[in-house]
Amino acid sequence: MQDIFTSLNDRQREAVLHTEGPLLILAGAGAGKTRVLTHRIAYLIEEKGVAPYHIMAITFTNKAAGEMKERVQNLVPYGDGVWVATFHATCVRILRRHISFLGYGSDFTIYDTDDQKTVVKNVLKELNYDPKMFKERAMVAYISSLKNAMTSPEDALKDAGSDFRGQKEARIYEAYEKKLKQNNALDFDDLLLKTVALFESYPEVLENWQNRFRYIMVDEYQDTNTVQFRLVSLLAKKHRNLCVVGDDDQSIYRFRGADIRNILEFEKYFPETKVVKLEQNYRSTTGILDAANAVIRHNAGRKEKRLWSELGKGDPVAFRLFENGQQEAEFVVRKIREAVRTGKAAYKDCAVLYRTNAQSRLFEERCLGSDVPYRIVGGVNFYQRQEIKDLLAYLKTIANGQDDLSTRRILNVPRRGIGDTTIARLEAYAADRGLSLMEAIRDVRRVPGADRAAAKIEGFARLIAELRTEAGVLPDGRMAEDRLPFDQLIKEIVRVTDYESTLEDLDEEKRDQKKENIAELESKAREFEETFEGEGPPTLTDFLENVALVADIDSVEDSDDRVLLMTIHGSKGLEFPYVFLCGMEEGLFPSFMSIDSGDPMDMEEERRLCYVGITRAKRHLFLSAAKCRVMHGDMIFNKVSRFVQEIPEDLLASSGDRNGSGGRGLGGGGSFAGYGGSYDRGGADDYRSSAYGGAYDRSSAGYRSSAYGSASYDRGSAEDYRSSAYGSSSYDRGSSEDYRSSAYGGASYDRGGAEDYRSSAYGSGAYNRGSAGYGGSAYGGSPYDRVNAAGSGSPAGRPGSGSRPEPRQAPSFGRTFEVQKAEKLDYGPGDRVRHIKFGDGTVLEVTEGKRDMEVTVRFDTAGEKRMFASFAKLKKL
DNA sequence: CGCGACAGAGTTTTT
DNA sequence: CTCTGTCGCG
């Protein structure tokens, strides 16, 4: 136990020792909160003689739970007796025991978001409401928010008053609730909500659990919602030994109902609370922390804290602006390869973080193209794929005959000749008599109008009955001794239904993919069964529950040497030596939603998200943005994120072109070189060229060659650029080879090798002055505004040469386009353009290589708060 | 009842 | 761009 005290700092020790009564630990990123929690558990067991059985720790993900369990076990024997689980898993376990009090069967199904949408859709049809008026997605969100606020359908109806629409929404909510209950199903929110309802209605049940959980710890407390707070309060009410750990600056789940006030006002609810602040960061270098602090400082209403670290300054945070998403991805992947090649990192030390899952594709393509092993976390969940959902629907139908949604899903999959009309009749019959769909199916001979398909329907009923026997599902929900293992059961389902016949008309690639997914499901099922820790063999319900509650991140193995690609949300709680925070663009991050909403809280949440992203990095942090990216089929141009701008210049090494095409590095002349003909060369067409540093970079190099006499155009491949002294330097700078280069004027890195750039002769050449000059301007103008960029760049740089070149004088690699349509622009059909000039002076070079193109530009003009989009449709001439 | 063709709409983050 | 829903035909 000695090590408990020696391996902790004073504050941490204080938190560990304070075991009785409420405790609020405000732990900054990387301040060792997991360490505190695990040691606290160990201390409770070893020193205070508390039985592990009486200790509960709530984590955010199953992965975190698993890690915590492991670490506790490494500290003390019997550590595995501690209840460590997520909120949702905890509630499921409680509900499986006691939900019959609330009139549900303990084999209830858990509905995911897709299921919820389906229910809403069905409800709309039943109520005869226009689905265009009430969007599924919005309705699901609405229902979730009401549930999180613990508002019942009755209350919602009352609250709606005479508001017609509000009333209708409340009725949808009401019908939705009814349907779930009919189906013996709970949605995610219900898991928490019903548990609270159970505790509030049945004090003896509550007391039972209160006596069990005498010491409660909640991790990531800043992301708890009202229901979770209520749940924890109820459980902790008796013994009051509640320890919550969190960081208000890392609250990023407001959209999901998380209420930051839970942490900010914790002391109000528990007046005798002891507060401990952990501010020493053991994760990141000061350079990274300073950047994080600089960003988060812009938020109001925080608990004041300042993270510090003893790990030294480290490398500056790097920022790079690229022409497009491809080049950004290319840079990131090249950077990773380089770190791995030089032995500085393993693949798994690198994480690529972004705001939206959609951004993953470019990185994935790039990784594939470069043979970099990667793993995408999140996005389209494995369990949401069609074929997987189909097979799970079979399992659910087998396990819970009341789950109409699942029955309905598979009734005619694969096709059995049971059409919509017949199904509608079955459903009507069931609704009339209060039966489940499965019961109506068994009754098919009595269903009016179903006789034509009756034989087929009976066949289906038989099929399910047989599968149920094989699965060993007994009427009471328990499992028979003699049964197929889950993976065999899935195989059997595929076999007897001839499921693969549904894949026939797909192209080969898709078909193989789906078969692979099915095989993957089988192996997951087998694995689940083999590793199940519970009393007795797992039930089918156990397996389905596990499927419903696993997050993608849970299956990430530390032993896997792969680059991780994920959203910033997904990276919460993780840390990496190398972090690439990508897509730092207004509109993407912060997202339009937050910019447009007008609610400052939305922006603050985005900023916290940025803070989370930055603080994932231990040693190297790269921020990047693309000026242009393809979204939903057309080109979007965005400005550099305000979050980048919130980081002071001196903390940021913005190599080359924070602001435009390779401009910064060239200072005075840079504004000119900044043109770089970049758009067309870096364009999507020219993918291969960008693989070697981007056509854009080469073109910049071309400019440099005029300035510095270096021939650089065909500067070799990615691997051998080092061999050429001068040219490679320009290559490097333009191509983003080294983020540090900006700080020192570029070139240096590749000449001196990785580590000794400081000593490089190039270190402070003319380059440097240029970059300084440009750097000063970087945030002044719109990134597309060459005029501004050049102008404001010159004062600190070389005033003479940098003075306001007219855009059209710049050598352009661009083509001429004819305007076909334009909105909010001073152009009309028939105009011929090479660039588009906007009302605020922003100029967009139009050199895209596509035949026709549509351009959507969004930016906020100075002095005008509202965002607007300009639009142009152009035709290449 | 099933299939193919077409139009239209939706685009943040997730246990 | 991609996914969904609708329509009309066999």
Side-chain angles (χ1 to χ4, degrees), chain A residues 58-65 85-92 110-114 116-118 121 125 131-132 135-138 140-141 144 148 186-192 220 223-225 227-228 251-258 353-361 377-381 383-384 386 412-424 452-453 456 504-505 545-554 566-573 583 587-597 602 605-606 608-610 612-613 629-636 854 856:
Chain A
I58 304 271
T59 58
F60 202 70
T61 62
N62 295 302
K63 181 169 191 265
T86 63
F87 268 108
H88 294 267
T90 297
C91 288
V92 171
I110 300 168
Y111 277 0
D112 66 19
T113 317
D114 285 341
Q116 289 181 283
K117 281 188 199 159
T118 310
K121 195 160 57 179
K125 211 180 285 170
K132 289 208 169 81
K135 299 270 157 65
E136 287 158 26
R137 238 181 94 90
V140 168
S144 177
N148 281 320
L186 301 184
D187 63 27
F188 283 122
D189 298 318
D190 281 338
L191 297 178
L192 308 165
E220 307 283 9
D223 280 319
T224 52
N225 63 29
V227 189
Q228 289 165 334
S251 170
I252 54 174
Y253 282 100
R254 198 167 80 102
F255 71 93
R256 197 169 86 184
L353 309 181
Y354 36 75
R355 179 68 230 274
T356 66
N357 282 305
Q359 288 163 259
S360 66
R361 237 192 69 197
V377 179
V380 194
N381 189 315
Y383 292 105
Q384 286 175 9
Q386 185 188 209
N412 198 32
V413 174
R415 306 234 134 85
R416 305 188 167 84
I418 305 171
D420 291 344
T421 333
T422 312
I423 294 177
R452 204 150 60 102
K456 294 166 184 163
E504 267 162 20
D505 34 345
E545 161 192 320
N546 171 265
V547 163
L549 295 182
V550 289
D552 213 23
I553 189 75
D554 296 339
M566 62 190 149
T567 63
I568 306 167
H569 281 91
S571 74
K572 181 171 152 168
L588 239 193
F589 190 26
S591 80
F592 281 123
M593 304 281 198
S594 315
I595 297 171
D596 283 340
S597 84
D602 285 344
E605 174 133 325
E606 294 273 337
R608 289 193 293 269
L609 188 59
C610 182
V612 167
R629 59 176 79 235
V630 179
M631 281 173 96
H632 316 124
D634 63 13
M635 306 267 267
I636 300 282
E854 292 184 356
T856 309

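Throughout, a chain's letter reflects where its sequence line sits, starting with A, and its residues are numbered from 1.
The separation of B/dT13 from C/dT4, taken at their P atoms, amounts to 16 Å, rounded to a whole angstrom. For the C1' atoms, the distance linking B/dT12 with C/dG5 amounts to 24 Å, nearest Å.
Residue A/R416 places none of its side-chain N or O atoms closer than 4.0 Å to OP1 or OP2 of B/dC1.
Remark: C1' of C/dT2 and CZ of A/R361 are 10 Å apart, rounded to the nearest angstrom. When the P atom of B/dG8 is taken as reference, atom NZ of A/K135 falls 14 Å away, rounded to whole Å.
Judged as a side chain to side chain contact (heavy atoms under 4.5 Å, CB included), and not counting sequence neighbours, the contacts of A/T421 are A/R425. For A/T356, the side-chain hydrogen bond (donor to acceptor under 3.5 Å, both in side chains) partners are A/Q359, not counting sequence neighbours. Listed by chain and number, the residues in a side-chain hydrogen bond (donor to acceptor under 3.5 Å, both in side chains) with A/E136 amount to none (sequence neighbours excluded). Applying the side-chain hydrogen bond (donor to acceptor under 3.5 Å, both in side chains) rule to A/N412 yields no partners; only residues at least two apart in sequence or on another chain are considered. Every residue meeting the salt bridge (charged side-chain N to carboxylate O under 4.0 Å, His left out) condition with A/R361, not counting sequence neighbours, appears here in chain and number order: A/E365. Residues that satisfy the ring pair (Phe, Tyr, Trp, His ring centres under 6.0 Å) test with A/Y253, not counting sequence neighbours, are A/F60, A/F255, A/H569. With sequence neighbours left out, A/T59 forms a side-chain hydrogen bond (donor to acceptor under 3.5 Å, both in side chains) with no residue at all.
Of the possible donor and acceptor atoms, one in the side chain of A/T118 sits under 3.5 Å from a partner among the backbone N and O of A/D114.
The residue A/N412 sits close only to the backbone: its heavy atoms come under 4.0 Å of sugar-phosphate atoms, none of a base.
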Give me, pair by pair, the N or O atoms of the protein and of nucleotides 4-8 of chain C that are less than 3.5 Å apart, along with how far apart they are.
{"unit_1": "C/dG5", "atom_1": "OP1", "unit_2": "A/K121", "atom_2": "NZ", "d": "3.2"}

Nucleotides 12-15 of chain B: which of its N/O atoms have a protein N/O under 3.5 Å away?
{"unit_1": "B/dT12", "atom_1": "OP2", "unit_2": "A/R137", "atom_2": "NH2", "d": "3.2"}
{"unit_1": "B/dT12", "atom_1": "O2", "unit_2": "A/R355", "atom_2": "NH1", "d": "2.8"}
{"unit_1": "B/dT12", "atom_1": "O2", "unit_2": "A/R355", "atom_2": "NH2", "d": "2.4"}
{"unit_1": "B/dT13", "atom_1": "OP1", "unit_2": "A/N357", "atom_2": "N", "d": "2.9"}
{"unit_1": "B/dT13", "atom_1": "OP1", "unit_2": "A/N357", "atom_2": "ND2", "d": "3.1"}
{"unit_1": "B/dT13", "atom_1": "O4'", "unit_2": "A/R355", "atom_2": "NH2", "d": "3.4"}
{"unit_1": "B/dT13", "atom_1": "O2", "unit_2": "A/R355", "atom_2": "NH2", "d": "2.5"}
{"unit_1": "B/dT14", "atom_1": "OP1", "unit_2": "A/T567", "atom_2": "OG1", "d": "3.0"}
{"unit_1": "B/dT14", "atom_1": "OP2", "unit_2": "A/N357", "atom_2": "ND2", "d": "3.3"}
{"unit_1": "B/dT15", "atom_1": "O4'", "unit_2": "A/R256", "atom_2": "NH1", "d": "3.3"}
{"unit_1": "B/dT15", "atom_1": "O2", "unit_2": "A/H88", "atom_2": "NE2", "d": "2.8"}

